[in-house]
Amino acid sequence: MKRRPIIAGNWKMYKTKDDALAFIYAVNVKVPEKELVESVICAPAIFLRDLVKREGEELRIGAQTMHELDEGAYTGEISACMLKSYGVEYVVIGHSERRAYYNETDESVNKKVIQAVKNDITPILCVGESLDIREAGTTDQIVKDQVVKAYLNMNAEQALKTVVAYEPIWAIGTGKTATPEQANDTIKAIRNVLTELYSAEISEQIRILYGGSVKPNNVDELLAQSDIDGALVGGASLDPESFLALVNAAVK
Ligand code: PGA
């Protein structure tokens, strides 16, 4: 089964408005057709409106987080329908930095994934283990548990609208990448859980990305793996040339 690859940049808390717009102008005209690869930039919320307005046919814009409820007294938060009303099409949910610094739990991640899907926004659900867990040899168990909890109360039709990003925490921003085989093995384990939760037919259609120090010089070997359907990229998505190198690698 051929799944369309996704390269999603996660800008985190980097760039000013001018930097963000300069990036969009530089890459918009150069990203490959979206039938070949989905090219996505997940930007800080304050830039989303400007970026969506200027995105081209092929480049798509995503948010980095959102609230799990429709509306309410939640100062500083942004809802899925607000994102939708601006034309935002993707949202990163449960990034390890959000789990670690902003108390995002498996329960809130589950609610957010459902909320995104209900609002027609593609959630990029992040899961991944710490170094302790990797060294203790319990990675698959921990990651499977995160996946099961994230898909609670979701039917197959909703699950099909999700994307998973497997990001070992020890590989994020550290320059240490999981070996392509390690990444592929864990991603296969994730696909197996999705098969158990839904069916092989469904799990074969869900894109599962790898994230953690993906760079133009290691992306080829990662994407060559059987089950890695793209990448969620932090540092290497900030520079236009580097981002373009990654999306072009996904077309090969
Ligand atoms: P990195 O970040 O590519 O800088 O390691 C990945 C991520 O946090 O999604």
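Both ligands and their constituent atoms are indexed starting at 1 by order of listing.
- Neither the backbone nor the side chain of Ala236 comes within contact range of ligand 1; no heavy atom lies under 4.0 Å.
- In terms of N/O distances under 3.5 Å, ligand 1 is not approached by Val233.
- Checking side-chain atoms of Asn155 against main-chain N and O of Glu157 turns up a donor-acceptor pair under 3.5 Å.
- Protein heavy atom in closest approach to atom 3 (O) of ligand 1: Gly234 N, 2.8 Å.
- Of all protein heavy atoms, the one closest to atom 4 (O) of ligand 1 is Gly235 N, 2.9 Å.
- Contacts between Asn10 and ligand 1, counted as non-hydrogen atom pairs separated by less than 4.0 Å, involve the side chain only.
- For ligand 1 and Gly173, the ligand atoms under 4.0 Å from any heavy atom of the residue are 1 (P), 4 (O), 5 (O).
- For the residue pair Gln115/His67, the side-chain donor-acceptor check at 3.5 Å is not satisfied.
- For ligand 1, one of its N or O atoms has an N or O atom of Ser213 under 3.5 Å away.
- If you check each of Lys176, Glu97, Glu167 against atom 7 (C) of ligand 1, the one with the closest non-hydrogen atom is Glu167.
- Looking at Arg134, its side chain never comes within 3.5 Å of a backbone N or O of Thr139 through a donor-acceptor pair.
- Listed by number with element, the atoms of ligand 1 under 4.0 angstrom from any heavy atom of Ala171 are 5 (O).
- The pair Arg207-Glu38 meets the salt-bridge criterion, with a side-chain N (NZ, NE, NH1 or NH2) lying under 4.0 Å from an Asp/Glu carboxylate O.
- Looking at Gly212 next to ligand 1, no N or O pair under 3.5 Å apart turns up.
- By the 4.0 Å N-to-carboxylate-O rule, Arg60 lies close enough to Glu89 to be salt-bridged with it.
- Distance alone, capped at 3.5 Å, is enough to place a donor-acceptor pair between the Gln205 side chain and the Glu201 backbone.
- For the residue pair Tyr102/Thr65, the side-chain donor-acceptor check at 3.5 Å is not satisfied.
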Assess whether side-chain hydrogen bond (donor to acceptor under 3.5 Å, both in side chains) is satisfied between Glu167 and His95, documenting all intermediate values.
CA-CA 8 Å; Glu167 299 205 304; His95 189 280; 3.3 Å; yes
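- Distances between N or O atoms of His95 and those of ligand 1 include at least one value under 3.5 Å.
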